[in-house]
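Working notes, beginning with the structure itself.
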Amino acid sequence: HVAGIELQLLDMDDQVIDRTTQQGASQTWSPQFPGSGYYRVRAELRLPDGYLLQREVPIAIVADAKTRIRGEFGWSLDRAHPLQRRDRPEMRDLVELFERSLVHWVKYPIWKEIDDSQSLAKLSWLAERLHLERLQLVAVLDEPPPTLVAKSRERGPLSVGEVFADSQAWPDAIDSVLSLLAMHVRWWQLGTDKDASVTAIPKLVDRLAEVRSRVHQFGSNIRIGIPWPWVREIAEDNNPPWDFLVRGETPSLTSDELQNYLVATHAGKENESQRERPWLSIEPLSRSEYALTDRVQDLVKRILVARQRGIHAIFVTNPFDSETGLMTPEGHPSDLYLPWHTTASHLLGTEYLGTIQLPRGSRNHVFAKGDELCMVVWNDQPVEERLFLGKDARCVDVWGRSRSLAIGQTDGRPVQQIVANALPQFLVGLDPIATRVRLGFHIDTPRLDTTLGQEQRLACRFTNTHAASVQGSASLVAPSSWRV
């Protein structure tokens with residue numbers, strides 16, 4: 001006989017914040033969640049003679065998202081994702097998950113399904129549903145269909161590059177799937193994010209021009225793209241036959257390496273042509289090889305770099321992967337889901353403004369969405385930053401937990417205090433005038449000559465972002481041996 005079920009609600013710090021013990025094998029419990037954050041519900045089923053079974057289910061509580069706008073964030077699904085195992089009623093739940101996760105783009109592997117009528121029906125339903133929800137489905141031609149492989153004279157597995165290198169093979173292989181999905185699917189990708197075989201096709205530009213011409217027979221608004229590794233140079237062409245390039249690397253680049261590649265290739269917002277603005281593929285670090293803090297910091301900082309450079313679309317690969325996913329293979333949120341959601345919700349549709357110098361040197365980046373400003377701040381060592389951010393300023397951590405910033409006084413000036421550490425934090429509700437003045441402030445001569453007794457002039461400049469004139473005072477804090 002079952003003696004009872006003990007249920008516990010645990011927070012990120014493994015602290016029990018609610019619990020209950022109930023009799024019977026099936027019970028209903030409504031725990032008290034203190035607010036946004038990552039939690040686990042632990043269930044222990046006990047018999048009279050002791051412990052029997054223990055199981056945990058992760059839960060992510062997020063603040064209500066604002067009205068959706070066309071966004072830059074997406075998920076790139078592989079063939080192991082839950083959609084492959086579910087019927088259409090359950091797939092509706094996953095479409096809702098995309099919306100709640102601020103996912104505007106969904107990459108879906110489709111090519112292998114053209115020989116399976118049941119899979120095609122499911123795929124057609126998904127394409128129509130995402131189209132109705134104004135989400136963008138990117139059809140990925142990943143694995144050649146069995147009928148095409150069977151015609152390859154037993155050469156073994158075919159890569160996508162080998163298929164499109166054969167002018168006799170690829171037209172029929174894409175016509176059937178295009179005729180089914182072209183009405184609802186505008187974006188098509190040749191090969192998965194990690195497949196570089198397409199770049200090895202002889203006379204690549206000419207062959208892709210042929211593919212593009214064929215695809216446009218099914219709709220002139222159809223766009224095609226290919227994965228392209230950072231280390232491979234892009235062919236010079238004033239009118240390339242692709243509409244987007246998916247940039248990624250294995251192993252993954254660090255945020256600093258990604259910044260260097262983006263700068264070196266002039267990729268980003270300064271290129272007006274969409275064909276020169278890459279899509280970015282991000283694979284989070286493995287949970288079995290890296291600590292949680294390292295994985296969160298790496299994910300957030302790489303997204304920051306992408307948003308700084310105005311990348312058109314930012315994809316997380318294999319979001320249901322057990323090692324690197326934002327979700328578990330069973331469809332529960334992983335410990336990276338909330339850092340993803342928090343970052344996406346604050347950077348969605350923003351414009352990058354720059355960085356300011358904080359008193360303790362913490363690194364930061366400021367983004368704007370209209371009059372709403374957000375500063376992302378972190379420091380490798382915990383430091384206390386004291387400055388005035390705004391009367392409505394709040395601090396949101398990567399788990400979505402928000403707190404207001406109390407205003408104190410220092411030397412008669414209003415100040416607020418934050419502790420910057422290794423995990424990025426999001427400062428919102430910033431005073432737009434004060435923040436923009438800080439962003440525009442600079443010193444004409446940042447370094448002074450060390451020659452003693454020499455009179456030197458120091459000029460400071462800033463932009464008045466207020467509608468009226470402003471006045472105030474400035475203080476220069478110098479060593480006691482200086483005469484200012």
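- Between the side chain of Trp228 and the backbone N or O of Arg232, at least one donor-acceptor pair lies under 3.5 Å.
- The environment of CD in Gln357 is sparse: at most 12 heavy-atom neighbours from other residues, nucleotides or ligands sit within 6.0 Å.
- With hydrogens and angles disregarded, a donor-acceptor distance shorter than 3.5 Å links the side chain of Ser334 to the backbone of Leu336.
- For the pair Asp380 and Arg363, the salt-bridge criterion is not met [side-chain N within less than 4.0 Å of a carboxylate O].
- A parallel orientation is assigned to the rings of Trp279 and Phe244, their planes being inclined by less than 30° (bins at 30° and 60°).
- Using modelled atom types, one side-chain atom of Asn364 and one backbone atom of Ile356 make a donor-acceptor pair closer than 3.5 Å.
- For the salt bridge (Lys or Arg N to Asp or Glu O under 4.0 Å) test, no residue two or more places apart in sequence or in another chain qualifies with Asp11.
- Nearest heavy atoms, Thr192 versus Asp142: CG2-CB, 3.6 Å.
- Using bins of under 30°, 30° to 60° and over 60° for the plane-to-plane angle, the ring pair Phe367/Tyr352 lands in the tilted bin.
- In this view, Gln416 and Phe388, Leu389, Ala393, Leu405, Ile407 satisfy the side-chain contact (heavy atoms from CB on, under 4.5 Å) rule, not counting sequence neighbours.
- Below 30°, between 30° and 60°, or above 60°: for Trp399 and Tyr38 the angle between ring planes is between 30° and 60°, a tilted geometry.
- Between the side chain of His341 and the main chain of Arg100, a donor-acceptor pair closer than 3.5 Å is present.
- Every residue two or more places apart in sequence or in another chain that forms a ring pair (Phe, Tyr, Trp, His ring centres under 6.0 Å) with His346 is listed here: Phe426.
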> Going through the checks in order, is the side chain to side chain contact (heavy atoms under 4.5 Å, CB included) test met by Leu9 and Trp29?
Replying inline: CA-CA 11 Å; Leu9 179 65; Trp29 181 43; 4.0 Å; yes
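- Residues forming a ring pair (Phe, Tyr, Trp, His ring centres under 6.0 Å) with Phe73 (at least two apart in sequence, or on another chain): Trp340.
- Here His332 pairs with nothing under the ring pair (Phe, Tyr, Trp, His ring centres under 6.0 Å) rule; sequence neighbours left out.
- For Arg360, there are no salt bridge (Lys or Arg N to Asp or Glu O under 4.0 Å) partners two or more places apart in sequence or in a different chain.
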